[in-house]
Visitor: 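To start, I am sharing the structure in question, which I have written as structure tokens.
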2 protein chains.
Amino acid sequence: MGNYYKDHDRILVALDCIIFGFDRNGLKLLLIKRDFEPEKGSWSLMGGFLNRDESLEDAADRILHKLTGLENVYLEQLYGFGEVDRDPVERTVSIAYYALINIHEHDKELMDKYSARWFPIDDLPDLIFDHNEMVEAAKSRLRYRASHEPVGFELLPEKFTMPELQILYEGIYETELDKRNFRRRILSMNILTKTDEKQKKYSKKGAYFYRFNEDKYEEKVDKGDNLTFKPIKL
Amino acid sequence: MGNYYKDHDRILVALDCIIFGFDRNGLKLLLIKRDFEPEKGSWSLMGGFLNRDESLEDAADRILHKLTGLENVYLEQLYGFGEVDRDPVERTVSIAYYALINIHEHDKELMDKYSARWFPIDDLPDLIFDHNEMVEAAKSRLRYRASHEPVGFELLPEKFTMPELQILYEGIYETELDKRNFRRRILSMNILTKTDEKQKKYSKKGAYFYRFNEDKYEEKVDKGDNLTFKPIKL
DNA sequence: GCAAAAGTGTTACGAATACACCCATGA
DNA sequence: TCATGGGTGTATTCGTAACACTTTTGC
């Protein structure tokens, strides 16, 4: 059966990236304005096609790099989208990846080149094809991740305050949290280091900066400690 | 940019199915013996290629049907595997799906046709390509599903006993459970109906048969009730 | 009457929740 | 001095875990 492989269709494999970022106002998504048909001018996820000589992972990295200039970013495969008519031009299977990046670190020039813009997660424009569905899947995956490991730190600057961290989790879970309970639970994980600097941008009193302690974190993971963070109701 | 699509590689898209079944001895996996090169004679997951005119989901259904004769089976996409050299013959991206089937219901003739066999989940042979990896991913996904919804019922006959259900969960979580706690937690979900028949195959006393109550289950899902079942340590 | 599996209840502990006031500072 | 956001502690509830004996019946 040497021709077992022969008689089958070769198909375009695309990759689309759901790119999460975070700033003081909450969780955001990076979208681009398509400059080619079909749907030229519509908002869309950043995407591209898989080359024969690269892995899915590498292709996703490449595409993310193309838009943000960033490397070594938290990137996780989300789901394969494969409805027959999802792309009106040609049959395409798209593997969606989602990324978490620090909103202040990416390349501004590339943003212009692709007419890219950050949108608040709860105020997104309508997207092309099945990209809305991809975004929903990514939001729910992010919630899942965040409730199983302290994943949100990829989205934050190196030093961050408790109020900032709380805003991030509130964005991820789309709910409000009680700050006393939030602090207690986060701090009880023992994976943060308090600095003695204060962030004074947003209040007169100022909020202490914390730093994610990767050593402690690895240690806990090795020990099999529970680092989950389930959402708390207000 | 009308040729945006033109200059890209078309690639073989495969689907591989991780098929879980269950009997009194625990959780099992359905594997086939490849009758074509490469790796003829090795154990493998059931797979096939995506046709241009079918969705990923439809293709996975088709391939599962081909081996088991079953339709309307619980089938969920798992992950896209896309290392460049994962298939030595030609560049192939494989989307893995996992299925839960009732071990007593499938077509025996087809089993012979494909030299298929059930293997206990904790005693699997070495598989071709990246199929071992796929199985590991499926096991962990199954654990996740089982801890979020009462998914295991797809694997059981219509009527089943508490000891059987417990064996199933023990297989999924690869751990032993305390039967008192197990019964209490399962029954407190209120989605089972006790019959007055008894299964007397495995003990003199006999164990009551239960039935999964889909109406009650739907009702609870609609109400947003918590139906999670986290593993309990012994 | 005994072996083998089915069935049952109570207590103890720890995690999650609810909740309200003081602190530091710049304007 | 006051307005604004940052920071803290306690009591209660509820879910989870630990644990051992009785019941049924075929042989």
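The sequence lines fix the lettering, A, B, ..., with proteins before strands; numbering per chain opens at 1.
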Visitor: Whole angstrom is fine here: how far is it from CG in B:Leu187 over to P in C:dA6?
Guide: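 B:Leu187 atom CG is separated from C:dA6 atom P by 15 Å.
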Visitor: Specify the separation, in whole Å, of atom NZ of A:Lys179 and atom P of C:dA20.
Guide: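 Going from A:Lys179 (NZ) to C:dA20 (P), I get 13 Å.
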Visitor: How close or far is atom C1' of C:dC19 from atom CZ of A:Phe182, stated in whole angstroms?
Guide: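 After rounding, the gap between these two atoms is 19 Å.
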Visitor: Would you call the rings of A:Trp118 and A:His106 parallel, tilted or perpendicular if under 30° counts as parallel and over 60° as perpendicular?
Guide: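 Tilted: the ring planes of A:Trp118 and A:His106 meet at 30° to 60°.
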Visitor: Just the rounded figure in Å: distance from P of C:dA16 to CD1 of A:Ile186.
Guide: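 The distance from CD1 of A:Ile186 to P of C:dA16 comes to 12 Å, rounded to the nearest Å.
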Visitor: What nucleotide among D:dG5, D:dT8, C:dA18 has an atom nearest to a side-chain atom of A:Asn181?
Guide: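 In terms of side-chain proximity for A:Asn181, the closest of D:dG5, D:dT8, C:dA18 is C:dA18.
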Visitor: Take atom CZ of B:Arg183 and atom P of D:dG15, then tell me their distance rounded to the nearest Å.
Guide: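 In whole Å, D:dG15 P lies 21 Å from B:Arg183 CZ.
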Visitor: From CD of A:Glu176 over to P of C:dA18, roughly how many Å is that when rounded to an integer?
Guide: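 Going from CD in A:Glu176 over to P in C:dA18 covers 13 Å.
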Visitor: Could you check whether A:Glu76 and A:Tyr98, counting side-chain N and O atoms only, form a donor-acceptor pair closer than 3.5 Å?
Guide: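 Short answer, yes.
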Visitor: Where along residues 196-206 of chain B does a heavy atom fall under 4.0 Å from DNA chain D?
Guide: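 Residues of residues 196-206 of chain B that come under 4.0 Å of DNA chain D are, in numerical order, B:Lys200, B:Lys204, B:Lys205.
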Visitor: Could you check B:Glu164 against B:Gln199 for side-chain hydrogen bond (donor to acceptor under 3.5 Å, both in side chains), going step by step and ending with a plain yes or no?
Guide: CA-CA 10 Å; B:Glu164 282 167 349; B:Gln199 153 79 283; 3.2 Å; yes
Visitor: Under 3.5 Å, is there an N or O donor on one side and an acceptor on the other linking the side chain of B:Asp178 and the base of D:dA17?
Guide: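 Looking at the base of D:dA17, it does not pair with any donor or acceptor on the side chain of B:Asp178 (distance under 3.5 Å).
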Visitor: Would you call B:Arg145-B:Glu149 a salt bridge at under 4.0 Å N-O?
Guide: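 Salt bridge flag = yes for B:Glu149 with B:Arg145.
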Visitor: Do any N or O atoms from the side chain of B:Thr195 and from the backbone of B:Tyr210 form a donor-acceptor pair under 3.5 angstrom?
Guide: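 Not at all, since once roles are kept as given, no pair shorter than 3.5 Å links the two residues.
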Visitor: Would you call the rings of B:Phe212 and B:Tyr217 parallel, tilted or perpendicular, where under 30° means parallel and over 60° means perpendicular?
Guide: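 Because their plane-to-plane angle lies in the 30° to 60° range, the rings of B:Phe212 and B:Tyr217 count as tilted.
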Visitor: Do you know the tightest heavy-atom contact between B:Lys159 and B:Glu197?
Guide: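 That would be NZ-OE1, 3.0 Å.
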Visitor: Has A:Arg184 got a side-chain N or O lying under 4.0 Å from the OP1 or OP2 atom of C:dA16?
Guide: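 Checking C:dA16 against A:Arg184, no side-chain N or O comes under 4.0 Å of OP1 or OP2.
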Visitor: With respect to the side chain of A:Arg185, which nucleotide from D:dG7, C:dG7, C:dT17 is positioned closest?
Guide: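 Per side-chain heavy atoms of A:Arg185, the pick is C:dT17.
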Visitor: Given atom OH of A:Tyr208 and atom P of C:dC23, what is their separation to the nearest angstrom?
Guide: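 About 14 Å, once rounded to whole Å.
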Visitor: Looking at residues 159-166 of chain B, who's got a heavy atom less than 4.0 Å off DNA chain D?
Guide: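 Those residues: none at all.
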Visitor: Measuring to OP1 and OP2 of C:dC19, would you say a side-chain N or O of A:Arg180 lies under 4.0 angstrom away?
Guide: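 No, because none of the side-chain N or O atoms of A:Arg180 sits under 4.0 Å from OP1 or OP2 of C:dC19.
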Visitor: According to side chain to side chain contact (heavy atoms under 4.5 Å, CB included), who are the partners of B:Glu174, at least two apart in sequence or on a separate chain?
Guide: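 Partners of B:Glu174 by the side chain to side chain contact (heavy atoms under 4.5 Å, CB included) criterion, ordered by chain and then number, come out as B:Lys139, B:Arg143.
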Visitor: Can you check whether B:Leu177's main-chain N or O pairs, donor with acceptor, with B:Glu170's side chain at less than 3.5 Å?
Guide: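 Judged by distance alone, yes, a pair lies under 3.5 Å.
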